[in-house]
Amino acid sequence: MKFRSIKGTYDVLPNISDKWKNVEFYIHQYLSRAGYSEIRTPIFENTDLFKRSVGEDSDVVSKEMYSWIDQGGTDLTLKPEYTASVVRAYIQNNLNSISPISKLYYIGDLFRRERPQKGRYRQFRQFGIEAIGSKYSEQDAEIISIAWNIISELGIQDITLNLNSIGSSETRKKYKQVLIEYLKPNFDQLSESSKKRFNSNPLRILDTKNKSEIEILKQVPKITEYLSKEDEVHFNEVQQRLDDLNIPFSLDTNLVRGLDYYTRTTFEIVSSKLGAQDALCGGGRYDKLVESLGAKSTPAVGFAAGFERILLAMDNDNELVEKNIKKIYLIGLGDKVRSTMTKILGQIRNEGFYIEFDPLRRSIKSQLRESNKLGSSITIILGEKEMEEQCVQIKDLSNGNQQSVPFDSIISYLKSLK
RNA sequence: GUGGGCGUAGCUCAGCUGGUUAGAGCACCUGGUUGUGGCCCAGGAGGCCGUGGGUUCAAGUCCCAUCGCUCACCCCA
């Protein structure tokens with residue numbers, strides 16, 4: 001085969017595109033009801049935007065971005081994540097002047113050049129929300145509860161919410177020293193990547209999956225013990241609000257998100273039904289990001305969730321599928337009926353019915369088989385006999401009953417069936 | 001970037017220790033009904049057995065290389 005889709009990309013074929021559509025429809029609906037408005041930003045941005053926000057040392061920026069220099073010499077990158085782009089749009093369009101709180105959501109495609117595996121692709125789809133403007137715990141809890149509720153209401157079971165606070169930057173500065181002191185005696189036993197992070201970003205060593213490192217980290221002091229007074233109050237309030245909302249969570253003091261901009265609250269929702277890539281959703285608070293992108297300091301919190309993983313975790317029989325549509329199939333037989341058939345098709349379709357016809361001029365047998373295969377409930381037959389009598393045969397496929405209906409009462413007859 | 005598994009019909013897969021014209025189920029098409037679906041029956045179409053090389057009288061089967069897919073490491077949604 002000469003051409004294939006690029007590694008890590010895939011085609012959404014007709015047999016599952018409805019499922020995608022339904023999930024997206026549900027998300028739009030849920031978030032609108034919660035007072036969030038959709039924002040769409042360009043699929044590519046200046047490369048520096050991501051370097052500045054996500055962090056130059058992060059894996060995403062250092063080795064996974066699709067970047068190129070365009071003909072004008074500008075360094076561009078396909079979005080590897082959405083938050084930086086949303087915050088850029090927020091600043092550029094002065095959304096803070098419209099309201100002190102911006103509640104935004106997005107659905108879109110992102111790109112990272114990683115080795116694909118189950119639940120991970122090079123072009124992948126996320127939805128997420130960003131609430132920019134509030135520093136209070138109710139906002140954290142709402143974000144988390146929305147993620148939790150959407151995922152569970154899509155019928156995904158066996159999910160766990162992991163929660164942590166990594167404090168303010170001052171807290172982390174203090175804790176980093178503690179961590180470095182703790183790890184120093186074991187430095188030689190750390191993995192290559194952890195050794196590199198030892199100086200640049202020791203916090204990231206915490207969420208290692210390396211068994212010997214997990215062993216080393218068993219007695220590690222918890223970051224939550226080093227939270228400042230304010231951080232601690234905030235974290236306790238977030239937990240209280242989650243209790244208020246009946247959202248179950250478990251504390252995971254090693255949960256450190258991989259993107260540099262997080263502060264205080266971090267969380268993720270994982271599913272036991274997926275493989276190694278088990279995070280359906282990840283997010284947290286990022287109080288310093290707006291400021292670091294050049295605007296007035298503004299607190300914010302949000303999450304991002306992966307569509308592919310959600311669809312993988314969903315049971316195949318999704319209840320969101322639209323049912324009880326009365327499908328009509330129009331059969332035309334012979335050259336003499338073409339014009340009339342086309343007119344009838346147009347009239348019925350304009351009345352809002354779900355109707356299609358056979359564009360292959362096949363035999364009546366083939367067309368009826370097709371009609372049956374498509375799950376039509378009604379088939380309309382127009383042949384030369386009917387032309388002479390100025391009528392059509394309307395057949396109920398569920399019981400085989402057939403009735404002759406004059407041209408001018410087709411619509412009213414169909415309506416009477418509803 | 002590293003490692004494991006797998007590449008045979010559109011899909012899911014058989015093909016035993018190498019042995020003649022490579023199979024099944026599903027899906028597709030046609031017919032069984034001069035114009036009536038499903039179920040059933042009959043028939044049909046569809047394969048450089050991923051690609052290249054090697055061993056052999058003989059390769060889908062063994063060896064090497066290569067490409068692709070997939071899972072995992074790393075990291076993330």
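Being a predicted model, the structure only gives us computed values, none of them experimental. A, B, ... follow the sequence lines: proteins, then strands. Residue 1 opens every chain.
- Nearest-nucleotide assignment on RNA chain B puts the 5′-proximal partner with A/Leu382, out of A/Leu280 and A/Leu382.
- Contacts of A/Gly400 with the nucleic acid, taken as non-hydrogen atoms under 4.0 Å apart, include base atoms.
- Atom NZ of A/Lys63 is separated from atom P of B/rU2 by 13 Å (rounded to the nearest Å).
- Pairing each heavy atom of A/Pro42 with each of A/Ser85, the nearest pair is O-OG, 4.4 Å.
- A distance of about 15 Å separates the P atoms of B/rG18 and B/rC57, rounded to the whole Å.
- The 5' end of RNA chain B is approached more closely, in terms of each residue's nearest nucleotide, by A/Glu370 than by the other of A/Asp396 and A/Glu370.
- A/Arg113 comes within contact range of no nucleotide atom at all, as no heavy-atom separation falls under 4.0 Å.
- Using a 4.0 Å heavy-atom distance criterion, A/Lys373 is classed as a sugar-phosphate-only contact.
- Here the closest heavy-atom approach between residue A/Phe127 and residue A/Ile107 is recorded as CB-CG1, 3.6 Å.
- Side chain of A/Lys385, nearest nucleotide from B/rC73, B/rC75, B/rG35: B/rG35.
- With P as the reference atom, B/rU51 and B/rA9 are 10 Å apart, rounded to whole Å.
- A donor-acceptor contact under 3.5 Å is formed by the side chain of A/Lys395 with the base of B/rU36.
- B/rG10 atom C1' lies 15 Å from atom CG of A/Asp11, rounded to whole Å.
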query: Stepwise, does the side chain to side chain donor-acceptor pair (under 3.5 Å) test hold for A/Thr171 with A/Ser168?
result: CA-CA 5 Å; A/Thr171 298; A/Ser168 59; 3.2 Å; yes
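- Among all heavy-atom pairs drawn from A/Asn164 and A/Leu255, the shortest one is ND2-O, 3.1 Å.
- Atom CZ of A/Arg338 has more than 12 neighbouring heavy atoms from other residues, nucleotides or ligands inside a 6.0 Å radius.
- Of the residues in residues 116-127 of chain A, those placing a heavy atom less than 4.0 Å from an atom of RNA chain B are A/Gln117, A/Lys118, A/Gly119, A/Arg120, A/Tyr121, A/Phe124, A/Gln126, in numerical order.
- Comparing the same atom, P, in B/rG19 and in B/rC62 gives a spacing of 11 Å after rounding to whole Å.
- If you check every strand for non-hydrogen atoms under 4.0 Å, A/Thr379 touches nothing.
- The same atom, P, is picked in B/rC6 and in B/rG46; the two are 32 Å apart, to the nearest Å.
- Here the closest heavy-atom approach between residue A/Arg112 and residue A/Tyr66 is recorded as C-CE1, 3.8 Å.
- A cation-pi arrangement is absent between A/Lys288 and A/Tyr286 under the rule of less than 6.0 angstrom and at most 45 degrees off the ring axis.
- Here B/rA77 presents its C1' atom at 10 Å from CG of A/Leu274, a figure rounded to the nearest Å.
- B/rG50 and B/rC69 have their C1' atoms separated by 10 Å, given to the nearest Å.
- At a threshold of 4.0 Å, the pair A/Arg285-A/Asp140 counts as salt-bridged, since one of the basic side-chain nitrogens sits closer than that to a carboxylate oxygen.
- Residue contacts for A/Leu333: at a heavy-atom cut-off of 4.0 Å it reaches a base atom on one of the strands shown.
- The shortest distance between the side-chain N/O atoms of A/Arg369 and the OP1/OP2 oxygens of B/rC28 is not below 4.0 Å.
- A donor and an acceptor atom never sit less than 3.5 Å apart when one is taken from the side chain of A/Gln402 and the other from the base of B/rG37.
- Separating the C1' atom of B/rC13 from that of B/rG35 is a span of 41 Å, rounded to the nearest Å.
- We find that CD1 of A/Ile364 is positioned 8 Å from P of B/rG35, with the value rounded to whole Å.
- Atoms CG (A/Leu397) and C1' (B/rU36) sit 10 Å apart, rounded to a whole Å.
- B/rG60: no Watson-Crick or G-U partner with both key distances under 3.5 Å is found in any strand.
- When both pairing distances are held under 3.5 Å, B/rU33 makes no Watson-Crick or G-U pair with any nucleotide shown.
- Here A/Ile381 lies in heavy-atom contact (under 4.0 Å) with a base.
- Both tests pass for A/Lys103 against the ring of A/Tyr36: distance under 6.0 Å to the centre and angle within 45° of the axis.
- A 6.0 Å sphere centred on CD1 of A/Ile69 holds more than 12 heavy atoms belonging to other residues, nucleotides or ligands.
- In a base pair of the Watson-Crick type (N1 to N3 plus N6-O4 or O6-N4) or a G-U wobble (N1-O2 and O6-N3), with each distance short of 3.5 Å, B/rC28 is matched with B/rG44.
- Look at A/Ser366 and you'll find a side-chain N or O under 4.0 angstrom from OP1 or OP2 of B/rU30.
- Put simply, CG on A/Leu13 is 12 Å from C1' on B/rC11, counting in whole angstrom units.
- Spacing between B/rU66 and B/rG1 at atom P, rounded to whole Å, works out to 14 Å.
- In this structure, B/rC49 makes no Watson-Crick or G-U wobble pair, since no nucleotide meets both defining distances under 3.5 angstrom.
- For the C1' atoms, the distance linking B/rU17 with B/rU12 amounts to 27 Å, nearest Å.
- As rounded to whole Å, 15 Å separates atom C1' of B/rU30 from atom CD of A/Gln367.
- Distance A/Arg112 CZ to B/rC76 P: 9 Å, rounded to the nearest Å.
- Across all strands shown, the partner of B/rA72 is B/rU2, judged by Watson-Crick or G-U wobble contacts whose two distances both fall under 3.5 Å.
- Below the 3.5 angstrom threshold, one finds a donor paired with an acceptor across the side chain of A/Gln277 and the base of B/rC75.
- On a pure distance criterion of 3.5 Å, no polar donor-acceptor pair joins the side chain of A/Gln393 and the base of B/rU36.
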